[in-house]
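These values consider heavy atoms only, across backbone and side chains, with no hydrogens, waters or symmetry-generated copies. Each ligand, and each atom within it, is numbered from 1 in the order the structure gives. As the structure is a prediction and not an experimental result, all values here were calculated from the model.
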Amino acid sequence: MKTILVIEDEEFVRENILELLDAEGFEVIGAENGRIGIDLAQEVRPDLILCDVMMPELDGYSVLAKLRQDPVLATTPFILLTAKAAKADFRQGMELGADDYITKPFTRAELLGAIAIRLKKQAAVQEHYNTELQEAKAQLNYLIHHDSLTKLPNRLSLRERFKQVQPQDTDTEKVVAVLCLGLDRFNHIIDPLGHTVGDSLLKAVAERLTTCVGKDTVARLNTDQFAIILANVDHKKEAGNIAQTILEKLSHTYVLAGQEIFITASIGIALYPHDGAEIEQLLAAANTAMTQAKQHGGDQYQLYSAAFNIGSSDRLALQSSLRHALEREELRVYYQPQLNLQTGQIVGAEALVRWQHPERGIVSPDKFVPLAEETGLIVPIGEWVLRTACKQTKAWQDEGFPFLRIAVNLSSRQFSQIDLRRQLVEILMDTGLDPKFIELELTESMLVQNTEVAIRRLNALKSLGVEIAIDDFGTGYSSLSYLQQFPFDILKIDRCFIRNITENANNAAITKAIIAMAKSLNLKLVAEGVETEAELSFVRQNQCDGMQGYLFSRPVPAEDFKQLLMADKRLPLPIS
Ligand code: C2E
Ligand code: MG
Ligand code: MG
């Protein structure tokens, strides 16, 4: 049933309209002045609003102007009722966004006619919007699950495909083999021939692989690497035989742009369940074995053996000095400004850890966070970062930037720690920072292992008042249906979708679809890694809420961040 709100100060007129519409089967609500009308509209979200123009205090135009600012009511059909029929009045109402005008006195037929037209239009608009959203969803799902060049499934699809073929019954003899295939010296071969030939070669390789594996899955991992999942191989030897056949087929001549090209590949093989229970572990193992095959000259396969995995001495050295980094106070927190795209102002910062190594200089987190994660050192390091960032933010707030927000990255281990919530409470008490200014950034891979537990943890953190951001969105395993289950507040679009957005139509399409989806889920959108003016204007035009990136500032030490705040440095606003 459609609900109609009638805002009319003259009781007699109002009651008349209400009675008439009630008899027509509408749900009706009356408001005797503009103020009550606005409150009711926001509360009940009617399907249509009839509103008198001439009312004491707040007139119909003011009501209209106010409601058009409300995102939900901005498109609700709004019909003005007026005794005057002056042209200037019509124009004023239309400019404010009224949908129609009815002049008093009006007949029953005029009123019902105008209402019917508006409701029909609205239904059409709604339907159009729904189909667009459906299309965007389908398109996005396709785009995020496929590689645009070869049309093969991409890394994101692998997890799902793996789940589908993973034997449920543990006594089964069958194993699943995960193959990582890398083309040998790909850049070397392609550089003199150019990228167009390179792309054609990759497509041809993808086609050969697809014919080789039949019903099994082939996915593209990155430029010159592919993964294959062989469901149901009886033993290792069979996986090896298949790998050998693939190598042979791939090494036949390719004729591209009138030239003959030869290329070989290296394959690493990992077996489920022997080498790992999860696709990530299996891929990592297969990758290690592939590297080994390359080191042995390529054009061959290797089965994974745990012995490959001994870390290099460099890694070991780094690991032992990382143990002391915290005690020796070698860690630093850098801050990268986050900006509101509408106002151009700095609204917060992302805290990013650095290691000031006595000999190596600044070591970036990509080098030591994974190591710290493996060894468990990430737990005390992460706690230290959280505490330092909260303390710093509170200090800046007290120095005159009371609304400054802080985003802190959580690692997988930290997130699965039982007492993370307690730790956070303690930090909040010690530093006095209001939790509503904190955003915790998580990545998708941390949530996929055990969805239910993850949702429970997220809700427990959110109950403290902090916001949750999904970081590096699009690079993990997200499907949209999956994303909807989690109570996120913010979505950070990964830099890989922002890069060269103006030249890469596929990236632009994915990014637009991500934005449409995030909006429909009411998430705040932040674009990461904006480096150029063109990227900035793209994210701005596509209604992102915020951004961070080198264009405005790199992550900087606390003192430098303070300078940016004091100078009130802003993003230039577009000239409109
Ligand atoms: P992230 O959370 O996605 O952080 C964004 C990364 O993008 C940062 O790299 C930042 O310096 C970089 N970036 C920002 N703007 C641009 C740009 O315009 N162009 C380019 N090319 N890059 C840009 P960073 O600081 O090296 O951090 C790398 C990753 O390390 C972070 O990715 C995050 O996952 C992790 N990390 C950093 N600090 C911490 C921490 O305290 N705890 C945990 N668990 N992880 C951290
Ligand atoms: Mg982050
Ligand atoms: Mg990120």
Give the table of side-chain donor-acceptor pairs shorter than 3.5 Å for residues 516-526, with sequence neighbours excluded, one pair per line with atom names and distance.
unit_1	atom_1	unit_2	atom_2	d
K519	NZ	Q543	O	2.9
S520	OG	M517	O	2.8
K524	NZ	E467	OE1	3.4

**OP:** Looking only at N, O or S atoms, find the one in E441 nearest to the Mg ion (ligand 2) and name it.
**Re:** OE1
Original post:
Are any of the heavy atoms in E350 under 4.0 Å away from ligand 1?
Top reply: yes
**OP:** Classify the side-chain pair Q417/D419 by whether it contains a donor and acceptor separated by less than 3.5 Å.
**Re:** yes
Subject >> Non-hydrogen atom of K492 closer than 4.0 Å to ligand 1 >> reply: no
Original post:
How are the rings of F368 and W355 set relative to one another: parallel (under 30°), tilted (30 to 60°) or perpendicular (over 60°)?
Top reply: perpendicular
Original post:
Do the side-chain N and O atoms of Q338 and Q548 include a donor-acceptor pair separated by under 3.5 angstrom?
Top reply: yes
**OP:** Any atoms of ligand 1 less than 4.0 Å from a non-hydrogen atom of D471? List them with their elements.
**Re:** 1 (P), 2 (O), 3 (O)
Original post:
Taking both backbone and side-chain atoms of N409, is any N or O found less than 3.5 Å from an N or O belonging to ligand 1?
Top reply: yes
Original post:
Among the N, O or S atoms that E350 has, which is closest to the Mg ion (ligand 2)?
Top reply: OE2
Original post:
Is the closest N or O pair between L410 and ligand 1 shorter than 3.5 Å?
Top reply: no
Original post:
From the Mg ion (ligand 2) out to just under 2.8 Å, does an N/O/S atom of E528 turn up?
Top reply: no
Original post:
For ligand 1, which atoms sit closer than 4.0 Å to a heavy atom of S411?
Top reply: 44 (N)
Original post:
How is the N/O/S atom of D471 that comes nearest to the Mg ion (ligand 2) named?
Top reply: OD2
**OP:** With side chain to side chain donor-acceptor pair (under 3.5 Å) as the test, would you mind laying out the steps for T343 and R570 before giving the verdict?
**Re:** CA-CA 8 Å; T343 63; R570 297 181 185 211; 6.0 Å; no
**OP:** Please work out whether the ring planes of F162 and Y272 are parallel, tilted or perpendicular, with thresholds of 30° and 60°.
**Re:** perpendicular
**OP:** Apply side chain to side chain donor-acceptor pair (under 3.5 Å) to the pair Q342 and D545, showing each step before the final yes or no.
**Re:** CA-CA 7 Å; Q342 284 217 326; D545 303 290; over 6 Å; no
**OP:** Name the orientation class of the two ring planes belonging to Y335 and W396 (parallel below 30°, tilted from 30 to 60°, perpendicular beyond 60°).
**Re:** perpendicular
**OP:** Return yes when P555 approaches ligand 1 closer than 4.0 angstrom through a heavy atom, no otherwise.
**Re:** yes
Subject >> 4.0 Å heavy-atom contact, Q548 with ligand 1 >> reply: no
Original post:
Is NZ or CZ of R405 both nearer than 6.0 Å to the six-membered ring centre of F437 and within 45° of the ring axis?
Top reply: no
Original post:
Of the choices V385, V379, I381, which has the non-hydrogen atom that lies closest to atom 41 (O) of ligand 1?
Top reply: V385
